[in-house]
A.B. asks: 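Okay, here's the structure, questions in a sec.
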Amino acid sequence: MAGSEQVSEKSVATEDRTNETEMGPVVPAVLTSPAQATEKVNEVPDNHDGLAGFQLLRQVLVGVMVAMITVSTSANSAAAVMLPQLLSNASDIPITAEQGIWFASAHTLSAAVCSTMGGMAVHHLGPRRVLLLQALPTIAGWLMQALANGYPLLLVGRCLVGGVTGFSLSAGQVYLGESSSPQIRGRLVCIIGFFNNLGSIICYVVGYLLPWRWVPAAYIIVFLLPSSVGMLLVPESPYWLLGKQKHQRARRSLRSLRGDPTVADRDMEIITEASKSRHRALTLRELAKEMKKVSVLAPFLTITALFVLRIMAGIMTVLTYTVVIFQETGSALNAYQSSIVLGCVRMFNSVCCVIYVSDRFGRRPLLMFSGIGCTLTSLGMAAFLFARDQTPEWTGWRHISWLPLPLILSYVVAFDFGFARTGWVVHAEIFPNRVRSALAGFGVLVHFVTSFVSILAFPYIRDAFTLAGAFFSFAFFSFLGLLLTMFFIPETKNQRLETIEAFFVRRFGGHQTDNAKNGES
């Protein structure tokens, strides 16, 4: 496309029909004109910055600090090992089954409530500052659980950790999405999942070897104290700084992150125009106006549906009630030992995602892999449990008592490579720049609300329809997630955020409309 050409509605529609599934160097919607957009994107023939070695290591270290300070998102694993000890007769804080349900779900409920403020905080304060501010109350929440002398303080501590996690989770996603080079963005966003799994494994091991009070203490000692110091050295998001008209600080931030002044200056030029729309927060009226544009509404509804379906597919339930589920399925291993094996498998999955999988395969293939794998493994578990419940007298069940463990492990493998890490990667990439901060907070809200519903409802569903019925429902929602990916989610691998936004503009129209009208007769 020549720099002087105007893009008519007819040509956009034609291009959309012929290139629906591709996102080449197209016009970023937030630029001032189609001509300028084309020139800027064409200056970069590919989406790799050409960085290597220590230059990329800088961004990896930043990603590690962000992942460690947001590790409390894995707090459901803490509940998985704390609950059986708290519910036992020997517990120094005895709780009832009903109190156990609320202890398990309180984290996600408080996270859902506080996540409504996360997007606005990121816009006004910046993602780095939000991550720093959440460190102290998170440490306080874990400390309250470790030192609790009764159920009320235990519950308050869990609610505090959940609330701060919901408040700050979008900051971590936005920061890594905006500060990373396109060539490693997927891997860096996946680092959050890696450290969440590391937190889970530490929970399982500590819960198996030591009293439950050491589980919250481990979060403080291993993750939160070191990352709180490390985040002091991390620069602010260049997108946010440019949106606040802090150009010199943004340039310094990019040079610190990229380690190459030439690459940093080139990226500075590319994202300067894209960040002009973030100089102030959207009012509710402006946000409502933006949401009427299909180019905004389409990715918003897509991410909302993906986040609902991925959680209803059962992962938060399995992680929160891991020990209980292994006890009920009659796993050949001890329930705690099975949980440790599960944690190790998730750790291996996350290493594969960070090192190889996330940027080797596209987002769509990985999400489809999750949809297929979770559907089949959940159906397998449901069939096994249903058959065992119907014919409990069959003596052969003791010979295949090993089957639930590999089925659950296979389910977790399938989930981790797509719905888990890749879902968050797409969440960090797909929203238009103009509304990214506000809608990122809503995505986190959907995640935690759905998690709360699934965790709270599981004991009741298990009682009403048995554990087999619960796994059948996991299979149903996994299949819906597969269909959603096949028909509605575009490929975003190796695409600049501006290019991803332009894809929805080409397909649906929206951001570019007003500027185009001003530039065309």
Side-chain angles (χ1 to χ4, degrees), residues 71 74-92 95 97 100 103-104 145-146 193-219 221-223 314-352 373-374 377-378 380-382 384-385 388-389 392 396-417 420 455 458-459 462 467-468 470-471 474:
V71 75
S74 64
N76 288 296
S77 298
V81 294
M82 292 169 69
L83 267 178
Q85 294 189 39
L86 289 169
L87 290 169
S88 69
N89 294 330
S91 173
D92 56 341
I95 63 175
F103 176 78
Q145 294 179 65
F194 171 82
F195 276 92
N196 284 345
N197 289 335
L198 180 59
S200 296
I201 254 195
I202 290 176
C203 282
Y204 296 143
V205 173
V206 171
Y208 178 56
L209 298 175
L210 298 171
W212 63 267
R213 293 182 184 275
W214 284 98
V215 174
Y219 274 93
I221 298 170
V222 178
F223 298 109
I315 188 62
M316 298 304 290
T317 301
V318 170
L319 295 181
T320 304
Y321 296 101
T322 303
V323 175
V324 174
I325 289 175
F326 279 126
Q327 288 173 342
E328 291 195 17
T329 56
S331 175
L333 291 178
N334 172 279
Y336 282 97
Q337 294 171 341
S338 298
S339 299
I340 294 173
V341 172
L342 175 64
C344 291
V345 169
R346 296 205 78 203
M347 174 64 72
F348 175 77
N349 295 345
S350 59
V351 170
C352 291
C374 291
T377 52
S378 296
M381 271 298 290
F384 170 84
L385 294 170
R388 192 189 64 179
D389 292 343
W397 292 119
R398 67 175 180 272
H399 299 299
I400 56 173
S401 61
W402 52 267
L403 188 58
L405 180 58
L407 281 174
I408 292 179
L409 294 181
S410 299
Y411 163 84
V412 168
V413 169
F415 188 93
D416 279 350
F417 283 129
I455 293 170
F458 173 74
R462 180 190 57 190
L467 192 58
F471 273 96
F474 298 162

A.B. asks: How close do L342 and V412 get, heavy atom to heavy atom, and via which atoms?
C.D. replies: CD1-CG2, 3.3 Å
A.B. asks: Working to the nearest 0.5 angstrom, can you tell me the gap between I95 CD1 and L87 CG?
C.D. replies: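 CG of L87 is found 4.5 Å from CD1 of I95.
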A.B. asks: Could you report the tightest heavy-atom contact between A470 and F458, atom names first, then the distance?
C.D. replies: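 Taking every non-hydrogen atom into account, CB-CE1, 3.9 Å.
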A.B. asks: Between V324 and R462, does the side chain to side chain contact (heavy atoms under 4.5 Å, CB included) criterion hold? Intermediate values first, please.
C.D. replies: CA-CA 12 Å; V324 174; R462 180 190 57 190; 3.5 Å; yes
A.B. asks: Can you label the angle between the F384 ring and the W397 ring as parallel, tilted or perpendicular, going by 30° and 60°?
C.D. replies: perpendicular
A.B. asks: Can you spot which of V413, N196, L319, L409 makes a side-chain contact (heavy atoms from CB on, under 4.5 Å) with R346?
C.D. replies: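 The passing option is L319.
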A.B. asks: More than 12 foreign heavy atoms under 6.0 Å from CH2 of W214: is that the case here?
C.D. replies: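 Counting neighbours around CH2 of W214, 12 or fewer heavy atoms of other residues, nucleotides or ligands fall under 6.0 Å, so no.
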A.B. asks: Looking only at heavy atoms, what is the nearest atom pair of T320 and A104, with distance?
C.D. replies: CG2-CB, 3.7 Å
A.B. asks: Kindly assign one of parallel, tilted or perpendicular to the pair F471 and F474, based on the angle between their ring planes and the thresholds 30° and 60°.
C.D. replies: perpendicular
A.B. asks: Could you go through the side chain to side chain contact (heavy atoms under 4.5 Å, CB included) check for V206 and Y208 one step at a time?
C.D. replies: CA-CA 5 Å; V206 171; Y208 178 56; over 6 Å; no
A.B. asks: Keeping S91 on the side-chain end and S88 on the backbone end, is there a donor-acceptor pair under 3.5 Å?
C.D. replies: no
A.B. asks: For S378 and Y411: C-alpha separation, side-chain torsions, deciding distance, then whether side chain to side chain contact (heavy atoms under 4.5 Å, CB included) applies.
C.D. replies: CA-CA 7 Å; S378 296; Y411 163 84; 3.6 Å; yes
A.B. asks: Between P459 and Y321, which heavy-atom pair has the shortest distance, and what is it?
C.D. replies: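 Where P459 meets Y321 most closely, the heavy atoms are CG-OH, 3.6 Å.
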A.B. asks: Working to the nearest 0.5 Å, report the span between CZ of R388 and OG1 of T329.
C.D. replies: 6.5 Å
A.B. asks: Can you tell me if Q85 uses its side chain to pair, donor with acceptor, with the backbone of W212 under 3.5 Å?
C.D. replies: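 Answer holds: yes.
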A.B. asks: Might you work through the side chain to side chain contact (heavy atoms under 4.5 Å, CB included) test for L405 and F326, ending with a clear yes or no?
C.D. replies: CA-CA 8 Å; L405 180 58; F326 279 126; 3.6 Å; yes
A.B. asks: To the closest 0.5 Å, what do you measure between CD1 (I202) and CE (M347)?
C.D. replies: 7.5 Å
A.B. asks: Looking only at heavy atoms, which two atoms of V323 and P84 are closest? And how far apart?
C.D. replies: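 Where V323 meets P84 most closely, the heavy atoms are CG1-CG, 3.8 Å.
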A.B. asks: Where do T377 and G373 come nearest, in terms of heavy atoms and distance?
C.D. replies: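 Looking at all heavy atoms of both residues, the closest pair is OG1-O, 2.8 Å.
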A.B. asks: What's the separation between atom CG in L86 and atom CG in D92, rounded to the nearest 0.5 Å?
C.D. replies: 8.0 Å
A.B. asks: Could you state the interatomic distance from CD1 (I408) to CZ (F415), rounded to the nearest 0.5 Å?
C.D. replies: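 Between atom CD1 of I408 and atom CZ of F415 there are 14.5 Å.
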A.B. asks: I need the S77 OG to I201 CD1 distance, nearest 0.5 Å.
C.D. replies: 10.0 Å
A.B. asks: Between R213 and A146 (side chain of the first, backbone of the second, donor and acceptor by atom type, cut-off under 3.5 Å), is there such a pair?
C.D. replies: yes
